[in-house]
Amino acid sequence: MASDSDSDGDFVTFGTPLEPLEEDEPLRKPVPLHEQTVKDEKGRYQRFHGAFTGGFSAGYFNTVGTKEGWTPATFVSSRQQKAGRQNARPEDFMDEEDLGDHGIAPRQITTTADFASGRKDVIRDKARAITSLSAPIPGDTVLEDLVAPARSSMGVELLRKMGWKDGQGVGPRVKRRLCKQRADSATRAFGSASPPNGSSESQDEEDGEFLPENLTFAPKDVTPIDFTPKVDLHGLGYRGLNPLAALRGGPGAGHINLFTMDSDRTNSLFGEDRKGQRRRGGVAGQGFGVGAMEDDDEDIYHRDIMSNYDTVLGGEEPGDGLYGWTAPQQYNRTKKDHSKDAAYLGKILEGFTLASDKLETKTIFPPPNLPRDFRPVHYFRPVVDLSSVSPMVAQALQTSRGHMAQEAPSKGGRHQLDSAQRRELLGEATLQGPSSVFDLLKVEDRERLSGLRRPSSDTSSGPRQPTPGEARAAVVAAGVAAAAARASAQKALSSRFAPHAEQQQQEALSVWSGPTAQAQTGQTFKPFERTPHKQARYDLYIDQLKQGDRDALELSLDPTMTEWERGRERDEFVRAALLYKPSSSSLSCRFTRGKQDDGVEADTVEVTRDQENDVDDKQAAVKMKMFGKLTRDTFEWHPDNLLCKRFNIPDPYPGSGFVGMPKVKRDKFSVFNFLTVSESPTASASPAPQGVKPSEPGKRSRWDVSGQAGDKERKEKDPVSEFLSVARIEASGSGPEASTTDGPTTDPTVEPDTEQKDEEEEEEEESRPSMDLFKAIFASSSDEKSSSSSEGESEEEEEKEEGVRSRAGTGPQISNQLNVNTTQPAPPVSAIPSQHPDVVFKTPSGPAAAPPPRDQEMEEEEFGPRLPPPSSTLTAERRPSLTPSAKDDKHKKKCKEKHKAKKHGKNKKDKKVRGKQLNPGE
Amino acid sequence: RVSGVFHPLIFSRPTSFSLPVSFSPTLSLSPPPLSFSADGNYLLSCGSDKSLKLWSVSRGTLLKTYSGHGYEVLDADGSYDNSQLCSCSSDKTVILWDVATGQVTRKLRGHAGKVNCVQFNEEATVILSGSIDGTVRCWDTRSRKFDPIQILDEAQDGVSSLKVSEHELLTGSVDGRVRRYDLRMGQLHVDFINSPITCVCFSADGQCTLTSSLDSTVRLLDKSTGEMLGEYTGHKMKGYKLDCCLSSKDTHVLSCSEDGHVYCWDLVEGSLMLKLPVGKAVVQSLSFHPSETRLLTAMEGRVQVWGAEPEETEEDVVVVQQEKA
């Protein structure tokens with residue numbers, strides 16, 4: 001490039017001269033191939049690409065990946081961007097070099113689509129072509145084409161504003177003659193060859209006599225002549241194969257086939273997109289074969305028909321030539337009748353013709369006549385049965401509804417009846433309970449509501465005398481306020497009994513003095529049925545509550561009781577009253593009551609439907625060795641379907657929805673077991689300080705329930721029961737088995753505290769504690785405290801409930817034995833620790849180095865027969881050391897110590913030593 | 001001496017193996033530590049060393065040890081094809097083992113207490129396990145689910161023993177009741193025994209059930225009616241969960257005893273036929289050979305195989321031991 005003018009002026013050197021070699025300089029090492037790197041302007045390495053495409057590879061080895069692999073786009077929640085389309089633009093995949101001046105998509109200022117002329121956005125078209133190939137229906141962006149916005153360039157918009165319509169030419173409107181002449185001249189100019197997309201003349205220019213003189217026409221559309229120079233060597237009009245048409249959207253997309261049918265041509269004239277008719281991707285063109293995947297082959301071989309050509313110079317033009325007219329065909333058809341009709345009717349608007357068939361006249365219905373007092377606003381009022389609410393409320397409601405209830409039936413139709421009136425007309429029985437939400441409100445709330453409503457009703461219905469109901473309501477409201485004041489004073493007094501007792505009392509009062517409570521006649525709930533005196537007191541309390549008596553609680557309590565007892569009872573009553581407040585029952589009276597009245601002791605826990613027969617009977621039967629019917633119970637039991645399948649057995653109850661034994665709902669505990677109240681019959685029935693608890697009515701378990709059922713059965717089968725009763729007396733009297741397995745029931749050395757403690761522990765570890773245990777725990781805490789006044793009651797009940805058991809003749813102790821026997825699901829072994837706490841406490845004094853954790857020990861003793869001893873020597877040595885009288889005690893100890901020995905044995909390291917220590921120690 | 005096919009009644013003392021001196025007396029085998037495999041060639045012992053051991057009955061050799069339990073193993077059973085074992089333990093789990101590899105196939109958790117007894121059903125598709133928590137759980141070995149198919153929680157106390165027949169499930173519980181779940185009829189029969197049940201068995205003919213309870217009585221009950229067909233007493237079973245079983249031909253009733261003997265009664269007569277002295281300690285478990293007249297007993301970590309006297313000449317009296325690993 002540079003020329004050295006000084007040395008060789010004649011020569012022109014081209015290129016960069018090599019540096020002159022110096023003689024003594026060692027030959028420079030050639031740069032190894034892997035160091036011959038090319039970097040871009042940012043210093044990044046660029047790889048040379050293949051020979052064909054040249055240049056450098058893009059991205060990472062021509063992929064979109066990176067060295068670490070391809071990273072997909074990070075997840076973006078579409079919740080916020082639901083509306084936005086997620087179409088990836090080609091620019092998203094381009095590097096910044098691509099967008100540069102020399103890139104494939106240089107960024108430059110271009111006219112937007114609005115202002116662009118016919119030129120297409122190349123990149124966008126390409127992208128569309130690509131997406132169309134990957135579209136759900138390949139090749140077609142069907143939906144996009146369908147819903148593409150009507151986009152027109154600004155020039156077209158301007159033309160339209162100026163009155164131009166599609167298909168018309170541009171220019172001043174011309175008269176008909178002029179139009180025809182121009183068309184003729186145009187035809188002449190083009191000669192015989194049909195001009196490309198050119199227009200030709202209309203056929204009916206001569207029958208213009210019907211047209212008024214002042215009618216002007218838009219000039220015909222003229223397509224500019226394409227002056228594209230011909231650069232190829234094809235014949236005229238031949239397009240050949242267009243490789244660009246392989247992908248739609250290329251430059252070939254605008255290709256217009258000259259030799260298609262007329263409709264096509266007009267379509268293309270109007271600039272319509274013909275992509276719908278286009279083949280899908282793939283090379284297309286004349287003379288190109290049909291691929292296997294393509295099914296239409298109509299235009300492989302071009303069929304040319306002569307009708308495509310004009311045979312006459314200036315001949316008729318396909319179409320009607322009436323550009324911009326909307327109904328040329330019809331006009332043509334009805335041309336003959338037209339003159340007649342026009343004569344008949346007079347002038348007809350241009351372009352309109354008479355309809356061939358008459359239009360059906362629409363019948364128009366007049367709007368309904370509004371009643372005079374119609375108000376276009378509607379709101380719903382509660383429908384209240386006036387008989388069921390207090391007069392005060394009824395008054396308020398009546399005033400608010402403007403005496404609609406009385407007046408409406410007389411004049412209105414059935415639509416104006418409310419449900420109560422309809423019910424009366426139909427003669428149906430009145431539904432029990434409140435029919436509106438209003439009924440469920442408290443008195444004060446109702447007062448407030450009616451107070452709010454009064455001014456409005458006053459304004460609506462005019463001046464009105466205050467009704468007695470309102471007067472009473474006002475009194476009640478005042479009373480409530482006064483009561484609140486008094487309540488605060490009383491609160492200080494009674495706060496030591498219960499923190500919120502006074503509030504609760506007030507609540508109970510407000511609840512029970514409500515109209516619904518008064519309407520409710522029969523009170524079904526008797527929480528203290530066990531103790532009639534208490535129930536009577538409670539009933540008194542409730543009655544006085546209903547009368548709105550403020551001192552209901554104090555009046556109803558027994559004055560002879562101690563202050564403490566009265567405090568407890570006060571608390572209890574208020575809780576009971578609140579728990580079974582009538583508002584809830586007024587709702588629930590919509591439901592039918594359960595068939596079986598569970599009473600106070602209702603058990604609502606899922607219990608198996610089939611209960612076992614009386615265990616006493618069975619025990620007697622076992623004593624008599626009468627196994628069989630007496631000792632056998634058969635229940636329905638549903639195995640799991642899969643279990644049957646695994647056992648290769650058909651399901652005995654196909655389609656039964658449950659597995660196991662059929663269950664029924666029972667109350668396991670009455671609510672009062674969860675109250676802190678101690679004076680429940682359970683508590684009062686248990687005599688305190690002895691370790692023996694006579695079985696009480698409150699303490700019943702599953703077995704007791706079944707026992708009662710068994711009693712009933714026993715009455716039915718008399719001979720058996722007689723026999724059994726004898727057997728039972730024998731069994732309980734001599735009862736070796738029961739006593740030996742259960743251990744002695746009375747142990748004078750046992751303190752009640754320890755017993756209680758043990759029972760609690762036992763309860764913790766038992767998987768399914770019986771009802772007795774719960775009762776015993778909760779009851780025993782107040783055993784000492786509870787008064788002796790209720791003992792008499794408990795004894796009554798005991799006699800009542802335990803009639804069969806007391807028949808055993810040995811009094812409460814024996815009955816308890818049996819009870820323990822039957823109700824304690826724990827094994828006999830486990831029953832012992834509760835009765836023998838001394839054993840439990842003595843054991844740590846054994847020779848063991850560290851006594852095992854107590855709870856674990858308890859657990860070990862809780863269930864079932866023990867593991868056999870590790871060796872006989874232990875048992876053999878220990879046995880004689882125990883007195884024969886305490887047989888079970890001995891057995892118990894043996895088990896325990898053996899267990900301990902076993903525990904040591906588990907310790908591997910010093911097992912031998914321990915074993916030796918144990919033997920002489922015991 | 002009884003005539004007929006069965007001559008097991010004079011058992012020989014095991015002589016071929018003697019106790020090692022260093023044997024720990026505190027080692028205990030869990031209650032039913034023994035079971036013959038289905039064909040009677042192998043025996044399984046499970047012990048408080050948390051392992052399960054498979055022995056060859058004829059040779060008295062230890063074949064494999066299966067360890068994986070966290071506490072003493074309480075019961076084990078083998079599948080009909082000897083390909084799988086199941087075992088239960090104080091660690092509240094039931095483990096299904098692969099016999100050949102000794103690997104744990106699956107570990108089934110769900111019991112709330114130690115699992116007393118475990119059984120395969122006939123096709124080893126279900127494992128049934130009875131636990132001290134009073135439930136029997138039916139575990140599916142076919143599916144991938146680790147939840148039990150069904151939980152039988154009818155027992156009011158721990159389930160001490162469990163047997164499975166073709167379509168029946170017999171459970172004995174500490175609440176003194178023997179429950180028989182008849183899957184085919186969809187019924188549950190409860191027989192009241194009034195004493196904690198230690199072991200229940202079906203008879204070979206499937207018509208009777210044998211129950212031993214802590215009142216030192218073994219009772220043979222008619223399966224369908226629950227009537228008592230026989231009562232066998234004389235042994236001592238007061239506190240421990242000891243086994244009882246029927247002989248392979250249903251001719252004799254055998255029971256462990258706490259006085260170190262195995263008692264054997266004639267089934268029909270109810271008379272004591274044999275008082276087999278095993279040792280001084282409690283005979284903890286026993287199992288009868290499914291076809292031959294062989295008896296397994298377990299005492300003090302020692303398993304003894306007893307054969308009938310006529311076959312004593314052969315090497316059929318073997319003592320195997322399970323020691324702590």
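Not measured: the values here are computed from a predicted model. The figures here come from the full heavy-atom set of this structure, side chains too, leaving out hydrogens, waters and symmetry mates. Lettering of chains follows the sequences in order, A, B, ..., and the numbering in each one begins at 1.
Judged by distance alone, with hydrogens and angles left aside, the side-chain atoms of A:Thr631 form no donor-acceptor pair with the main-chain N or O of B:Asp191 at under 3.5 Å. Remark: the backbone N or O of B:Ser224 is paired with a side-chain donor or acceptor of A:Arg632 at under 3.5 angstrom.
The most heavy-atom pairs under 4.5 Å with chain A, out of B:Thr225, B:Asp222, B:Leu183, B:Asp182, come from B:Leu183. Of the listed residues (B:Glu166, B:Glu227, B:Met185, B:His167), the greatest number of heavy-atom pairs within a distance under 4.5 Å of chain A belongs to B:Glu227.
In this structure, B:Gly186 and A:Pro639 approach most closely via the heavy-atom pair CA-CD, 4.2 Å. Minimum heavy-atom separation, B:Leu128 to A:Phe647: CD1-CZ, 4.0 Å. Smallest separation of non-hydrogen atoms from B:Asp140 and A:Leu642: OD2-CD2, 3.7 Å.
Of the two parts of B:Glu231, only the side chain, counted from C-beta on, holds a non-hydrogen atom closer than 4.5 Å to a non-hydrogen atom of chain A. Residue B:Asp259 does not touch chain A at all, counting heavy-atom pairs closer than 4.5 Å. Looking at B:Leu152, the atoms closer than 4.5 Å to chain A (heavy atoms on both sides) all sit in the side chain, from C-beta outward. Both the backbone and the side chain of A:Leu643 come within less than 4.5 Å of a heavy atom of chain B. In this structure, no portion of B:Ser173 lies under 4.5 Å from any heavy atom of chain A. Only the backbone of B:Ser165 comes within contact range of chain A, judged by heavy atoms closer than 4.5 Å. Heavy-atom distances place the side chain of B:Val164, and not its backbone, under 4.5 Å from chain A. Of the two parts of B:Ile193, the backbone and the side chain both hold a non-hydrogen atom closer than 4.5 Å to a non-hydrogen atom of chain A.
Screening B:Gln187, B:Glu154, B:Arg180 for a side-chain contact (heavy atoms from CB on, under 4.5 Å) with A:Trp637, the sole residue that qualifies is B:Glu154.
In terms of the ring pair (Phe, Tyr, Trp, His ring centres under 6.0 Å) criterion, residue partners of A:His638 (sequence neighbours excluded) are, by chain and number, A:Tyr653, A:Phe658. Listed by chain and number, the residues in a ring pair (Phe, Tyr, Trp, His ring centres under 6.0 Å) with A:Phe627 amount to none (sequence neighbours excluded).
A distance of 10.5 Å separates CZ of B:Arg184 from SG of A:Cys644, quoted to the nearest 0.5 Å. The NZ atom of A:Lys623 sits 5.0 Å away from atom CG of B:Asn194, with the distance rounded to the nearest 0.5 Å. Taken to the nearest 0.5 Å, the CG atom of A:Asp633 stands 11.0 Å off from the NE2 atom of B:His189. Atom OG in B:Ser195 sits 11.0 Å away from atom CD in A:Gln619 (nearest 0.5 Å). For the atom pair B:Gln150 CD and A:Asn641 CG, the distance stands at 10.5 Å (nearest 0.5 Å).
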